[in-house]
Participant: 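This is the structure I have questions about; it appears just below.
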Amino acid sequence: MKKIAIASLLALAATVASAAEIGVTGTRDYSGTDRNFVGVTLGQSFGKLGVTGGFERSTVTNNDQDRFSLVAGYDVAKVGPVTVTPKVGAAYLNNQTGADGYAMTVGVGASVPVTKQVSIGLDVARQYGQDRVSQFDGNRVTAGVRYKF
């Protein structure tokens, strides 16, 4: 299963390698385990539609987790310099202990340009996983910085 997720991320990377955006993120997961993630993202915009692939890692004393995600968003509003984007995505949760599985995320993000190429963003999402990873269902808050090529 994780081979499919990794292959998807590599395919996404090859597709958007010509001109895209790369970012670093920090996430707080409020799923009952309350853990912190750090990660990297690679994305591409097609007008108002955007697609982002990401990898996040959480290290907890007894259950590290790698999270591979693919998220789509559509810019719906611009309030001053802030762009508001509803988002939907899928993730593969690879756990050190316990079962691995897939989850769906639904949320909204806001981004503000700092310069022409650098922007900062904040996303709030709700995660819903398969029964075997449902203990990780809950809210996620992600902050990040992106650089556009």
Side-chain angles (χ1 to χ4, degrees), residues 1-60 63-96 100-130 133 136-149:
M1 295 293 177
K2 65 182 168 183
K3 291 179 184 178
I4 295 170
I6 293 170
S8 298
L9 285 175
L10 291 174
L12 176 67
T15 302
V16 299
S18 59
E21 62 184 30
I22 188 165
V24 294
T25 61
T27 300
R28 178 70 173 172
D29 181 1
Y30 297 97
S31 64
T33 54
D34 293 346
R35 50 178 151 196
N36 298 316
F37 287 80
V38 293
V40 294
T41 61
L42 185 61
Q44 177 69 50
S45 294
F46 306 96
K48 291 186 174 202
L49 177 67
V51 178
T52 303
F55 169 77
E56 293 178 311
R57 174 114 173 115
S58 172
T59 53
V60 178
N63 189 12
D64 296 352
Q65 185 181 80
D66 293 330
R67 184 174 188 278
F68 302 91
S69 62
L70 187 61
V71 178
Y74 188 80
D75 298 342
V76 294
K78 192 162 181 141
V79 181
V82 179
T83 303
V84 179
T85 309
K87 298 180 178 188
V88 64
Y92 176 73
L93 309 177
N94 182 13
N95 296 296
Q96 176 186 3
D100 300 341
Y102 292 94
M104 182 183 96
T105 57
V106 178
V108 66
S111 64
V112 178
V114 177
T115 67
K116 187 175 180 179
Q117 294 177 305
V118 176
S119 64
I120 58 173
L122 182 68
D123 292 353
V124 178
R126 178 79 179 170
Q127 179 170 284
Y128 303 95
Q130 294 176 296
V133 291
F136 302 112
D137 289 359
N139 298 323
R140 300 173 52 83
V141 178
T142 303
V145 177
R146 291 183 299 249
Y147 179 81
K148 294 181 183 179
F149 294 95

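The first residue of the sequence shown is numbered 1, and numbering continues consecutively from there. On a predicted model such as this, the values are computed, not experimentally measured, just so you know.
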Participant: At their closest point, which heavy atom of S58 faces which heavy atom of N36, and how far apart are they?
Facilitator: OG-O, 3.1 Å
Participant: Should N139 and V124 be marked as a side chain to side chain contact (heavy atoms under 4.5 Å, CB included) after you check the CA-CA gap, both sets of side-chain angles, and the distance that decides it?
Facilitator: CA-CA 7 Å; N139 298 323; V124 178; 5.6 Å; no
Participant: Closest heavy-atom contact between V133 and G101?
Facilitator: CG1-N, 3.6 Å
Participant: Is it true that atom NZ of K87 has more than 12 heavy atoms of other residues, nucleotides or ligands lying nearer than 6.0 Å?
Facilitator: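 Yes, NZ of K87 has more than 12 neighbouring heavy atoms, counting only those of other groups under 6.0 Å.
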Participant: Under the side chain to side chain contact (heavy atoms under 4.5 Å, CB included) criterion, do S111 and R146 qualify, and how do the steps go?
Facilitator: CA-CA 10 Å; S111 64; R146 291 183 299 249; 3.0 Å; yes
Participant: Just how far is it from atom CZ of F55 to atom CZ of F37, taken to the nearest 0.5 Å?
Facilitator: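 The CZ atom of F55 sits 10.0 Å away from the CZ atom of F37.
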Participant: Looking only at heavy atoms, which two atoms of T105 and A90 are closest? And how far apart?
Facilitator: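 Heavy-atom minimum between the residues: OG1-N, 4.5 Å.
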Participant: So how far is it from Y74 OH to F46 CZ, rounded to the nearest 0.5 Å?
Facilitator: 14.0 Å
Participant: Got I22 and F149 here, is their nearest side-chain heavy-atom distance under 4.5 Å?
Facilitator: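 Counting from C-beta outward, I22 and F149 do come under 4.5 Å.
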Participant: Please report the shortest heavy-atom distance between A20 and G43, naming the atom on each side.
Facilitator: CB-O, 2.9 Å
Participant: Between Q44 and V51, is a side chain to side chain contact (heavy atoms under 4.5 Å, CB included) present by the stated rule, with each step listed?
Facilitator: CA-CA 6 Å; Q44 177 69 50; V51 178; 5.5 Å; no
Participant: If you measure from CG on N94 to CG on D100, what distance do you get to the nearest 0.5 Å?
Facilitator: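 It is 4.5 Å, given to the nearest 0.5 Å.
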Participant: Is R67 close enough and on-axis enough to F136, meaning under 6.0 Å and within 45°, for cation-pi?
Facilitator: no
Participant: Looking at D75 and T85, would you say the former's side chain and the latter's main chain have a donor-acceptor pair under 3.5 Å?
Facilitator: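 Such a contact is absent between D75 side chain and T85 backbone.
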Participant: Ignoring hydrogens and angles, state whether a donor on the side chain of D64 or T59 is under 3.5 Å from an acceptor on the partner side chain.
Facilitator: no
Participant: Looking at Q130, E56, Q127, which hits side chain to side chain contact (heavy atoms under 4.5 Å, CB included) with L93?
Facilitator: Q127
Participant: Between OH of Y147 and CD of Q117, what distance do you get to the nearest 0.5 Å?
Facilitator: 3.5 Å
Participant: So, taking the atom named CG in L70 and the one named OH in Y92, what distance separates them when rounded to the nearest 0.5 Å?
Facilitator: 15.5 Å
Participant: Using a 3.5 Å distance criterion without hydrogens, assess whether the side chain of D137 forms a donor-acceptor pair with backbone atoms of G129.
Facilitator: yes
Participant: Working to the nearest 0.5 Å, report the span between CZ of R126 and OG of S31.
Facilitator: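 It comes to 9.5 Å.
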Participant: Please confirm whether R28 makes a cation-pi placement over Y30, using NZ or CZ under 6.0 Å from the six-membered ring centre and within 45° of the ring normal.
Facilitator: yes
